[in-house]
Amino acid sequence: MEIFGQNVFTQDVMRERLPKAVYKNLKKTIDEGLPLDPSIADVVATAMKEWAVERGATHFTHWFQPMTGVTAEKHDSFITPTDNGIVMDFSGKELVKGEPDASSFPSGGLRVTFEARGYTAWDCTSPAFLKEEADVITLCIPTAFCSYTGEALDKKTPLLRSMEALSTQAVRILRLFGNQTATRVTSTVGPEQEYFLVDKSYFLDRLDLIMTGRTLFGAMPPKGQELEDHYFGSIKERVVSYMKEVNTELWKLGVTAKTQHNEVAPGQFEIAPIFETTNIATDHNQLVMDVLKRVAIRHDMICLMHEKPFAGVNGSGKHNNWSMSSNDGQNLLDPGHTPHENAQFLTFLMATIKAVDEYAGLLRVSCANAGNDHRLGANEAPPAIISVFLGEQLSDILEQIEKGAAKSSKSGTAMRIGVTTLPDLPKDSTDRNRTSPFAFTGNRFEFRMVGSSFSIAGPNVIINTIIADALKQFADKLEGSKNFSADLEKLLQDTAKKHKRIIFNGNNYSDEWVKEAKKRGLLNIPNTPEALKELVKKEAVELFLTHKVFTETEIHSRYEIMVEQYVKTINIEALTMIDMAKHSIMPAATSFATEVAQSISAVAAVSSKIDVSAQKELLEELSTNLSSMNKNVKALEKVLDNAMNISEVDKQAAAFREKVFAKMLELRADGDALEKIISADYWPLPTYAEMLFNL
Ligand code: ADP
Ligand code: MG
């Protein structure tokens, strides 16, 4: 396709435009994930600039991912004034290092304000690209963002480190299987992104959507989700043209995304790209979110990326499809066809199972924020309990491994690692368990807990690191082995015994599973303040230090930022609710109540015989709810005030969850009760029915 990747400084473009020796050096750097060689930086920078300027670029920016999860940019102009006028300049120094005044980005105490500057350096494993916004074309350089003392201030740096850790350990395992060709293993990710679209005019009439991205009040429409099939016979033309434009914009940026219709909730859609190296998939997912939002505005719509924009309606997540592949072309989670391939597959599979069981808490925290609390552990999918879905056939194989070769298995033949050939495993998606948080899907795992607004960097840092650790433990045991087959069989057997508790193929939404999981001793962490503690536990810190993914300071800074973000989010939500209650809902209810009261006396003036019980009942109901709302507003103001005055961060977060958030739910109930009885003429907010069914 003509437009595909036209705005990307791809390897093909580099080959065309760079001197042979420079290209070779750069290619090696990219393939091996090394830092850019300063001796070629100037040449690369010039080629990049010329390519960009030919395409109309006037500015460049170091595009990076601060710890807030969104991307940040600091734009500079190529234009440099000189004695002879103006020249378009861009040097190697600017390519390797930019210096954003980063004091406004959260650092969790990593960077005290007097040394506010961090530096950014091009991550040359992720290609530069051009961003077209209104009339301005900007060269965007994907970068890592560090403090001058070398601490990572972003999400990309730890991700690259975690990929390195995974590669190191996975290659050790491949060597044990006699592989001498592979030198690198990279994790691959295909994130499926869910989002909602609402008409811009409704959005602008809802302070809650503007301020928080979700509706803080709103009664369920009479037409619920159950009618989805009927409703979605066809996608509205407006959405079709939106999707077409999103696809075009993304293709120009080299993102192989295809927007799709999603049949889960009205107004909700999904976009899925083809999987890529985790680092690039992460950058591309940021671009996907950015393009979805920007193009929506052109179509007078707003793209909601929040995990739960509408209560009672399915929320939005991001399915993180994850695997590992070696640079000699193997997908390490593909079962293969020969006993040798099968044995290697089972080793990587068991390492994954072990990792998920040992570090379930870290996986949980990697998906924790205030928005995702409405999905995980609330009355929606997936649950907060982490388990692994393997499917019937693979679970049976695991049981055979656990019993060991000596005893016979269900099928009569004993599973001998490296000897027995695995049966063909189904790759049919109809067989999939849609309720599992961590499901094996034939040649990869699908991690379904990630929230729609998240950067996928965080969850993948965790996945990469915990699996690296399990592989390390395997390699440490097996490298000195005198009898590899026997020792491997024993290792896999022990692992199966120890970690089979994490396997669950049933319905993850059922109450029985909650009980069963408790019996098995699995974690069930219901909310963000609780989940965050997992990040700073001793075992977690040790893990990150061992694999050089985070320093101790870095991990604590992230903990602080996440707690702070949680508190800030709930605080803004509470303040917005109070504002809406006081300034729109209560006045509307009062006006309507006044009208009802006036109508009662007007009718009575005509004749005392006319039955006004309906009006009276309505007035009573209005007044009761109004008075309850009034009390709850006052109570919310009070608990909010108390919570704001707590100085210890974790205690503060707990108070926001237990006191503030709990009160918000009560206040919401008042508002929703009023919405149901107030005349549509008086109700001040766009309704769920309008927002969800009128695109
Ligand atoms: P489904 O829609 O049934 O879940 P898809 O075939 O659409 O399945 O795949 C979902 C995502 O999984 C896509 O983004 C796809 O590229 C990705 N995927 C496929 N293979 C891999 C792999 N080896 N590693 C990572 N992601 C993968
Ligand atoms: Mg999927």
Side-chain angles (χ1 to χ4, degrees), residues 4 159 162-163 166-167 170 174 182 184-195 243 246-247 250-251 253-264 268-289 291-292 314 316-336 341 344-345 348-349 351-352 355-356 381-382 388-391 394 425-450 452 454-457 459-464 467-468 508:
F4 188 81
L159 181 65
S162 74
M163 290 174 69
L166 181 74
S167 179
L174 288 176
R184 272 190 83 73
V185 167
T186 46
S187 60
T188 52
V189 169
E192 301 164 74
Q193 172 79 47
E194 291 180 325
Y195 59 94
M243 288 181 170
V246 166
N247 287 338
L250 288 172
W251 288 338
L253 291 165
V255 182
T256 56
K258 193 160 166 27
T259 44
Q260 289 168 352
H261 186 217
N262 186 11
E263 311 225 346
V264 178
Q268 192 187 35
F269 306 92
E270 184 184 291
I271 182 166
I274 294 173
F275 73 95
E276 298 168 286
T277 304
T278 305
N279 173 33
I280 294 175
T282 304
D283 286 353
H284 280 175
N285 182 248
Q286 294 290 336
L287 289 179
V288 166
M289 292 196 281
V291 166
L292 284 172
N314 191 69
S316 299
K318 190 138 44 184
H319 293 176
N320 193 86
N321 292 274
W322 185 96
S323 188
M324 324 167 232
S325 65
S326 59
N327 63 348
D328 62 354
Q330 305 177 63
N331 174 354
L332 303 181
L333 289 176
D334 192 319
E341 287 168 347
Q344 185 183 297
F345 158 72
F348 283 103
L349 180 81
T352 309
V356 173
V388 174
F389 168 83
L390 283 186
L394 210 45
L425 299 169
K427 274 187 196 140
D428 184 2
S429 58
T430 53
D431 179 52
R432 285 188 205 162
N433 183 326
R434 303 268 169 204
T435 69
S436 175
F438 208 95
F440 184 68
T441 55
N443 60 3
R444 62 182 184 272
F445 277 95
E446 185 172 6
F447 184 36
R448 305 172 75 243
M449 291 173 100
V450 186
S452 49
F454 278 65
S455 158
I456 57 168
N460 285 299
V461 165
I462 300 299
I463 299 177
N464 290 339
I467 294 176
N508 281 260

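Indexing begins at 1, ligand by ligand and atom by atom, following the structure's order. Heavy atoms only: backbone and side chains are in, while hydrogens, waters and symmetry mates are out.
The N/O atoms of Ile274, backbone and side chain alike, include none that comes under 3.5 Å of an N/O atom in ligand 1. Checked by distance only, ligand 1 and Thr188 come closer than 3.5 Å through their nitrogen or oxygen atoms. Residue Pro273 has at least one N or O atom closer than 3.5 Å to an N or O atom of ligand 1.
The residue among Glu192, His319, Glu446, Arg444 with a heavy atom at the shortest distance from atom 9 (O) of ligand 1 is Arg444. The residue among Leu332, Thr256, Asn321 with a heavy atom at the shortest distance from atom 25 (C) of ligand 1 is Asn321.
For the pair Asn464 and Trp322, the tightest heavy-atom approach, listed with the atom from each and the gap, is OD1-NE1, 3.1 Å. What you find for Pro273 and Pro191 is that their closest heavy atoms are CD-O, 2.9 Å. The two residues Ser323 and Arg444 make their nearest non-hydrogen contact at CB-CB, 3.9 Å. Taking every heavy atom of both residues into account, Asn508 and Ser436 meet most closely at ND2-CA, 3.5 Å.
In this structure, CD on Glu194 lies 12.5 Å from CD1 on Ile271, to the nearest 0.5 angstrom.
Interface atoms of ligand 1 facing Asn331, defined by a heavy-atom separation under 4.0 Å, are 23 (N). Residue contact check: Gly190 has heavy atoms under 4.0 Å from atoms 14 (O), 25 (C), 26 (N) of ligand 1.
Residue-level proximity to ligand 1 for Leu333 is absent, since no heavy atom of it falls below 4.0 angstrom.
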* Full working for side chain to side chain contact (heavy atoms under 4.5 Å, CB included) between Leu349 and Leu390 -> CA-CA 10 Å; Leu349 180 81; Leu390 283 186; 4.2 Å; yes
